[in-house]
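Right, one structure below, let's go through it.
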Amino acid sequence: MAKTADLLPGTLDMLILKAVSLKPLHGYGVLLRIRQISRDAIEIPQGSLYPALYRLEHHDLIAAEWGQSENNRRAKFYTLTAAGRRRLRDETAGWNRLATAIAAALNTTSEEV
Amino acid sequence: MFKRLRSLFRVLTRRREFEDGMTEELRFHIEQYTDDLVRSGVSPEKAARLARNELGSLTNIKGDCREAFGVHLFDELRRQLTYAARLLRKTPGFTATALLTLAVCFGANLTIFAVIDSVLLRPLPFPEPARLVTIFNTYPKAGVDRDGSSLTNYYERRGHIPAFVSLSIYRYGTEIIGEPGSTERQPTMRVSPDFFSTLGLGPAIGRTFTDEETTSDTDQVAILSDTFWRQQCNADPHVLGKQIRLNSVPRTVIGVLPPGFRFLSSDARLFLPLASRPEDRTPRDRHSGGNVIQMIARLAPGATLEQAQSQLDAQNAALEVDDPQAKMIADAGFRSLIVPLHADHVAAIRPTLLLLEAGVLVLLLIGTVNLVNLLLIRANGRVKELAVRLALGASHGYIVSETLVETTLLTLAGGILGLAVSASGIHLLRELGADRLPLGSRIAFDARLALAGLAAAVVLGIVLTAPIAWFNLRRHLGNALQSESRGGTSSRAAQILRHGFIVSQIALAFMLLAGAGLLAVSLQRVMAVSPGFQSDHVLTGQILLPWANYPAAARLTFVQSLLDKTARIPGVLSAGVVDNVPFSGKTGKSAATVRGYIVPPGESVRGHYSYGVSGDYFRAMGFSLHAGRFLTTDDSLPSAGVCVVDEDFARHYWPKGSAIGQQLWDGSEERKDTEAFTIVGVVGGVKQAGLTEDEAQGAVYYPYAWRIGDSFYVAVRTSLPPESLGLALQKVVRQIDPNIPITDLQSMDTRITESLAARRSPALLSGLFSGIALLLTAIGTYGVLSYAVAQRRREIGVRMALGAQPRQIRIQFLSLSLRLLTAGTLLGLIGAWQAGRAMNTVLFHVQPLNLPILATAACVMGIVCFAACLLPSQRAARVSPMEALTEQ
């Protein structure tokens, strides 16, 4: 299974949770939504999407239910659970802290040392 | 965690749905993507191909999804289980032997564990049972180790020992219950009012006894057991206040106990107040316990046994200050001991049970060694296959898990069979009288036992996996592909390991065999002891006369008329009565004071068995007469002033002179001349408590009228089989009074046999265990030797081709087994010696290192091992050089 360099390890789960938090989505929908909200900057490798969805469902962070797709096909829709919402909040906060810290570190100039 | 397990469980139970859903979800993805691609201008065929390629291998994704859910482990497990089951089916001989070994070993272990669990481990069914203690008086220097407690003790102690929150007394009994014409004798308990609060468990409905109900005129109340309430009162919810007839006197029901209420091993159906008269509670009666009344107490929270003991010692010391008998009591080594109730109740049986547990554990060890050996041989046969698989990339973890699954499958199946064996084992123990053990009625095959059995099976599976997995992974690949194949010889380490196992097996089996021999010889020695009378052809039965209808004079009339009528039953040679028959289980002793005898300094007054006899008791029981004469019916009245003593008594007081004509008083002090008894005869010594009673206690036989008790025994010597007289005897009693039943009808032989149950069952069981151990050892030896022969066929073939004789080959293998046998037996000797020393407490007149037993055990061991080696050796000698050398 190929890993993309532009997706940091551990961020896939976070992105899926975010995508599902906006609106219940089926697997393909998650793919499109991530592409959309990242303004086409992030391309999820399709092979790793479903194992990630199953892992999140197994850990009770998202819930799955069968429903009708926009073109009236039977599809499995994922929604965020309460535990998933908590996890997303924590991970977002953690990510922001990390990003700020790294940005600060990278912007350091020699005078500041 | 719990949620995750639940979702996994849901998926496992609806596996099909999970798989279908996965397939549909992925198909939906591909179709959606294809549609989008087509919409962006890609041709439909190309779009379908692109969509499929972008997703990657569906099989891989599905595998990853299953893994994400944790499902894959179960798929793997199922695959390995199927594989293991197929392998086991392919070798039915091995599988059957292993399963049988496991079934027998687990069965025996679970059976004994069930006993240990019910008797020793499971706490008593009362709140905070660890705080319950029992207290008894002991006079070790007078030969009275245990004398219960007296009423005086109870009234002096209750409320005065701060380390006890509650203290109470009880006595076991039986009462005649029911309306005239349909009476029954039922076991009962008489208890003090605080009995139930001491236990912490009282009536489910109604109340307990009050202090006002403990005097002899105001005690007409009763508390029912749940069983009695259901069976005799039809579970009447309004039973309180109703009356039941007890010994022909009505008593008011004031309470019903909850279901399952059971005090120790008692099966009392009714509880009555332990009533007494104030004059029985005075300091004069402080030491008149007689092992009839027992005392229990509950320790205060935080109080220790030691604190309670020192408080009790202090109280005893203070009370004895103004006791006129203080010196005698002190000389007798008097103390009141406090011991935990549960431990005290099972103390007598504990060493035997632990011994049996050790025995079955040794059996399990032998069985395990056997299994390891068989599994190693089996693994050896698969070395090549494994090497190929490892070479092809099977991971070490996978090989280990495969071994684990196979071994655990085997032990688990064996464990289930073992549960079945233990179910019948427990049944067998019941037949042997296990439910008469202390707390023995709790022995049962239950969920707790089944769970313990399955857990043990899994643990054993894991334990067995270790050596096999080690063996499987130990060798280098290249090596394995060549060695241990038909062409090569067996590796040195593996061979030493196998032989080591055989030696340890022989040693363990030898230990068991020698232990069983010690128990058997010990039992034989006990059975050879004479009880002091001729126990054959004697029937005995107990008769309880209610005091209300039978005051002292009426009792004597009843006894006389019973003796007259019994003598007329055809087949009766002689008949007599006694207040306490030998082997009845009642072993109370009392003091006797011999006129003119001065207790030597440093010694104390002795306790003797005291009886009251009437009729032809001595002839009926077959006592031997050593001097003088027996008591006769004419001596029955106390005014006759005569008594008979036994040889032990006579020897103790008159080691040189004659006892005839000497005088004594019943009790621990000299009384008036008119109350003295003159000894007119000396009879054979009696074993009251059991054949193993080693200390000669001495006995005094007074006229029955002097020792009238609640009940008496009738003893009848007959020329017929004694049991056949039971009905006739019952009829005679009913003729005199239709409301009086005769109970506990048993021949003296039966009483003696029953008294040996605690020795016979362990001897039988250990015999059974060592038989199984022998069989297992034979199987193990046979298996290893057969394997050695098969391994060395080629070598044997070469040697025979070069001129070796079949005899030499045979001798070679037999001498190998002889070496193993010798090593095993020598090790076993050391073990047997140690085991014998540990068994010393349960042995009777047998030294732990008994040469004849050890020699016999060695012979049996030798014969069994030799027989097991004979067949493989013969097979080795018959190897044909041509076949051995040409086969691959």
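This is a predicted model, so every value here is computed, not measured. Numbers restart at 1 for each chain; the letters A, B, ... are given by sequence-line order, proteins then strands.
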Among B:N60, B:L58, B:D36, B:D35, which has the most heavy-atom pairs under 4.5 Å with chain A? B:D36
[X] atom [atom1], over 12 foreign heavy atoms within 6.0 Å:
X: B:E385; atom1: CD; result: yes
X: A:K18; atom1: NZ; result: no
X: A:W95; atom1: CH2; result: no
X: B:R52; atom1: CZ; result: no

What I'd like to find out is whether the side chain of A:L31 reaches to under 4.5 Å of the side chain of B:Y33, using heavy atoms alone. no
Heavy-atom closest pair (A:P51 atom, B:C65 atom, distance to 0.1 Å) is N-SG, 3.6 Å
Closest non-hydrogen atoms of A:H58 and B:A68, given as atom of the first, atom of the second and distance, are CD2-O, 3.4 Å
Using a 4.5 Å heavy-atom cutoff, which residues in residues 447-460 of chain B come close to chain A? none
Sub-4.5 Å heavy-atom contacts with chain A: which residues of residues 19-32 of chain B show up? B:G21, B:M22, B:E24, B:E25, B:L26, B:F28, B:H29, B:E31, B:Q32
So how far is it from B:L55 CG to A:Y50 OH, rounded to the nearest 0.5 Å? 7.0 Å
Point-to-point distance, once rounded to the nearest 0.5 Å, from OH of A:Y54 to CZ of B:R66: 10.0 Å
